[in-house]
Amino acid sequence: MGQGVLGGGLLLLLLLAANAPFLSPRVLLLGPLRPTRGFGLRLLELMLLGAVWLVAALALEAYQGQRHPQGWTFYAVLLCLLLTFAFPGFVWRYLRRQRDASA
């Protein structure tokens, strides 16, 4: 596999991981059903999934060759990218209009 395919695959996985807390009623995608989770728990879950993704990406980089040292700017950009990728799930969960069931 080429490096472009792996990079695109990692970005796709980050997009899925960023939206999973807002779209899934399960805690960490595997736990019990909790449809009434608060925003804080969803944000914590988002950060945990982002950290899992980061560990997997760093392991893949080490597997392919020498791992490059990253400064604070790398992690700041990664956090911004994670929050940007989470926006569609946030909109789906909190900003879309709910249809009135009584009508």
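Everything numeric in this text was worked out from a predicted model, so none of it was measured. Index from 1, following the sequence.
- Cluster annotation: Leu14 is connected to Leu6 through the hydrophobic network of ILVMFWY side chains, with a link wherever side-chain heavy atoms come within less than 4.5 Å.
- In the hydrophobic clustering of ILVMFWY residues, with side-chain heavy atoms under 4.5 Å counting as a link, Leu43 and Leu79 come out together.
- The shortest side-chain heavy-atom distance between Val27 and Arg37 falls under the 4.5 Å cut-off.
- To the nearest 0.5 Å, atoms CE (Met47) and CZ (Arg42) are separated by 14.5 Å.
- The backbone N or O of Trp92 lies less than 3.5 Å from a partner atom in the side chain of Arg96, making a donor-acceptor pair.
- No continuous path of hydrophobic side-chain contacts links Leu12 to Leu23 [ILVMFWY only; heavy atoms under 4.5 Å].
- When side chains are defined from C-beta on, Phe90 does not count as touching Leu83, because their heavy atoms never get closer than 4.5 Å.
- The two residues Ala17 and Leu46 have their closest heavy-atom pair at O-CD1, 4.3 Å.
- Distance check, rounded to the nearest 0.5 Å: OG of Ser24 to CG of Leu30 gives 8.5 Å.
- Atom CG of Leu49 and atom CG of Leu13 lie 11.5 Å apart (nearest 0.5 Å).
- A pairwise comparison of heavy atoms in Ala86 and Ala18 identifies CB-O, 3.5 Å as the closest pair.
- Taking CD from Glu61 and CG from Leu54, the interatomic distance works out to 10.0 Å, rounded to the nearest 0.5 Å.
- Residue Val52 is not grouped with residue Leu82 when hydrophobic side chains (ILVMFWY) are merged at heavy-atom distances under 4.5 angstrom, including chains of intermediate members.
- Under a hydrophobic clustering in which Ile, Leu, Val, Met, Phe, Trp and Tyr are joined whenever their side-chain heavy atoms come within less than 4.5 Å, directly or via other members, Val55 and Leu10 fall into different clusters.
- The number of heavy atoms from other shown groups lying within 6.0 Å of OH (Tyr94) is above 12.
- In this structure a side-chain-to-backbone donor-acceptor pair under 3.5 Å is missing from Gln64 to Ala62.
- By the 4.5 Å heavy-atom criterion applied to side chains, Val91 and Phe22 are not counted as neighbours.
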Q: Run the numbers on Phe85 and Leu16 for side-chain contact (heavy atoms from CB on, under 4.5 Å), then give the verdict.
A: CA-CA 8 Å; Phe85 278 179; Leu16 294 173; over 6 Å; no
